[in-house]
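For reference, the structure discussed in these notes is given below.
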Amino acid sequence: MFRSPSPSKPSDPAQPSDPPRRVRVRRRTPLTAALTAVLTAAAALTVPAAAAVAAPVPAPGPHAGPPRQPVKQPVATGYGGAVSTVDLDASKAALGVLKHGGNAMDAAVAAGAALGVTEPYVSAIGGGGYITYYDARTRRVHAIDGREFAPKRMRADSFIDPATGKPLPFDQAVTSGLGVGVPGTLAQWDLALRRFGSRDLGALLRPAIRLADRGFVVDREFHDQTAVNEARFRDIVPTRRLFLPGGKVPEVGSVFRNPDLADTYRQLAKRGTDWFYEGALGREIARTVARPPVDPASGRTVRPGLMEPGDLAAYRAVLRRPTRVPYRGMDVYGMPPSSSGGSTVGEALNILGNFRLDARDPVTALHYYLEASKLAYADRGRYVGDADKVDVPLEELLSAGFARERACLIAPDRAAPAPVAPGSPDGSYEPCVPPGTQTRALAFEGPQTTHLVTADKWGNVASYTVSIEQFGGSGITVPGRGFLLNNELTDFSFQPPAPGRAPDPNLPGPRKRPRSSMSPTLVLKDGRPRLALGTPGGSTIITTVLQILVNRIDLGMDLPAALGAPRATQRNTPHVYAEPAFIDRYGRDLAARGHRLEAFPGPPAGVIGAATGLEFLRPGLVQAVAEPARRGGGSALVVRPAR
């Protein structure tokens with residue numbers, strides 16, 4: 001357990017010697033009802049204004065027939081390295097890399113590639129993500145931004161329908177070329193492996209190639225995600241051919257193969273990522289976005305996008321300085337803007353640091369957690385966007401003075417009416433500021449993402465969140481290539497603020513990254529990693545990560561219990577949305593303090609996130625943890641299990 005906080009702060013091992021910089025990527029050569037729930041959720045959230053010697057990764061063997069139904073375990077403890085993902089095949093791919101001398105970054109990339117096969121509706125090379133990485137050799141934490149960016153022709157009013165002068169309906173923006181951002185995943189992998197890996201990308205793609213060729217057993221989650229998308233998948237020709245084989249949603253227990261993706265991975269292994277960003281595949285992607293391959297008989301309007309080949313050629317993954325806040329004697333590192341994860345988790349922890357949270361009184365601790373989240377989300381909406389394009393006052397948002405000013409607004413026995421107003425991170429802090437009643441609407445972010453964690457025998461740790469946004473992204477498959485394109489640009493605000501209102505840092509713009517909530521998080525103690533965690537969940541990602549940290553650090557739960565405990569999310573909305581078990585356990589007591597709890601609408605209904613994490617229990621001994629039940633449960637593995 002994490003016990004009494006240390007009175008002194010450890011030295012910061014994670015500050016890079018030079019400022020964040022843009023890095024030129026060197027290419028290697030060698031549910032129908034659930035869709036309604038999405039819109040319901042969107043409406044509910046709208047409120048008033050050290051490298052090893054390289055060793056070969058085993059080549060895939062011959063086709064061995066249909067795979068067996070996988071059996072997953074949510075907790076594994078042992079030595080030599082660990083991995084936790086939502087999927088057993090992806091965890092096995094990463095574990096194989098670790099067993100054959102690869103490091104944590106190698107394993108993270110191998111797992112990500114495998115998830116592109118088995119979790120194609122949330123993870124694909126048509127999307128992007130964020131990685132935080134602890135480098136054991138230098139004892140520094142690094143952040144790698146692989147978030148998609150908008151085409152050069154994107155403007156602040158690009159999501160305004162010229163025929164009506166109003167924002168496009170959300171579902172029409174999702175299923176369109178207009179919502180597709182320039183994918184960042186492959187550029188991120190390339191940068192991550194060149195800086196921290198010990199394997200070539202081609203070698204790390206081999207397990208995923210074998211998986212795509214051989215196929216995997218369809219589980220209930222894959223079936224349900226396909227069923228949610230069935231109507232729009234039928235209307236987009238290459239998507240229908242790939243994901244509705246024989247014109248039907250794949251049955252649970254059947255084997256799903258993706259030879260197109262296997263071939264795409266083989267070509268990437270041979271040609272390098274130049275083929276994707278500056279070559280023929282990039283031209284195919286831009287053409288698909290500009291002219292979505294919709295069945296003319298469908299009657300569905302799928303708007304063309306703005307992407308051109310030059311937008312792919314211009315894309316860069318970026319190495320950034322991670323956020324860092326001290327908390328109860330530890331240091332919590334997160335993802336800086338363009339993600340809002342590190343700043344919002346960090347600000348909420350700073351606010352909570354002003355209070356004593358007692359495991360003997362969980363209701364009071366949860367009250368403070370919800371109130372701190374509410375305040376941090378108000379500031380997120382007002383100040384956080386792509387820091388390459390807008391001025392984000394990150395240092396002040398994460399300052400102790402600002403946190404104290406915000407903390408003084410929290411009453412110990414009464415929830416503040418939401419939405420609350422943002423604070424003023426201006427460096428001049430009063431003991432208190434008056435509570436407000438107006439703030440910007442909370443933009444909708446889909447909960448369809450995935451997270452994985454890896455650690456190796458040298459002590460390197462990767463926390464990696466990857467996404468294509470909605471289940472099924474844009475719904476648009478690149479013909480013959482086996483992967484879906486994202487709809488990440490719908491994370492932008494659709495409409496500029498009214499005259500006289502505060503500026504919106506998350507409006508669309510050329511080559512701008514939309515704000516994200518992805519929060520791959522690392523926790524260090526005395527310069528050594530203790531925890532790594534993250535989750536999918538759209539804008540609930542931040543609150544899920546924050547609640548797991550409170551459960552583990554403040555309430556004394558072990559990591560499996562902290563991750564499995566029932567969840568609630570407060571994102572500066574009038575209601576607290578929660579899982580049914582949370583409402584059953586805490587609802588009456590929190591309602592007595594003024595919290596208005598409602599069941600989380602999903603999708604999936606009543607389920608918030610699908611987290612993965614790991615903890616170093618003592619030097620060399622690591623515990624990997626995945627969900628025991630949410631979204632079908634996850635898969636935790638270690639190289640050498642402890643007896």
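For clarity, every value in this text was computed on a predicted model and none was experimentally measured. Throughout, residue positions are numbered sequentially from 1 according to the sequence presented.
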So, does Asn460 use its side chain to make a donor-acceptor pair with the main chain of Ala104 at under 3.5 Å? no
Is there a donor-acceptor contact under 3.5 Å from the side chain of Tyr121 to the main chain of Leu484? no
Look only at the side chain of Arg320 and the backbone of Ile144, and say whether a donor-acceptor pair between them is shorter than 3.5 Å. no
Spell out, as yes or no, whether a donor-acceptor pair under 3.5 Å connects the side chain of Ser91 to the backbone of Ser635. yes
Pick from Leu522, Leu549, Thr544: which one makes a side-chain contact (heavy atoms from CB on, under 4.5 Å) with Leu533? Leu549
Just by modelled atom types, is the Phe196 backbone N or O under 3.5 Å from a matching donor or acceptor in the Asn103 side chain? yes
For the CD atom of Glu488 and the CZ atom of Arg515, what is their distance to the nearest 0.5 Å? 13.5 Å
Donor-acceptor pair, side chain of Glu627 and main chain of Ala611, under 3.5 angstrom: yes
Measure the spacing between CG of Leu211 and CZ of Arg206 and express it to the nearest 0.5 Å. 16.0 Å
Is a side-chain N or O of Thr535 found less than 3.5 angstrom from the main chain of Ala610, in a donor-acceptor match? yes
Quick one: CD on Gln570 to CG on Leu366, what's the gap to the nearest 0.5 Å? 13.0 Å
The criterion is side-chain contact (heavy atoms from CB on, under 4.5 Å); which residues satisfy it with Pro580, sequence neighbours excluded? none
For the residue pair Leu452 and Val466, establish whether any side-chain heavy-atom pair is separated by less than 4.5 Å. no
Which of Phe216, Phe256, Phe483 passes side-chain contact (heavy atoms from CB on, under 4.5 Å) with Val117? Answer is Phe216
State whether the side chain of Gln188 and the backbone N or O of Gly128 hold a donor-acceptor pair below 3.5 Å, judged by distance alone. no
Judged by atom type as modelled, is there a donor-acceptor pair below 3.5 Å linking the side chain of Tyr369 to the main-chain atoms of Ala568? yes
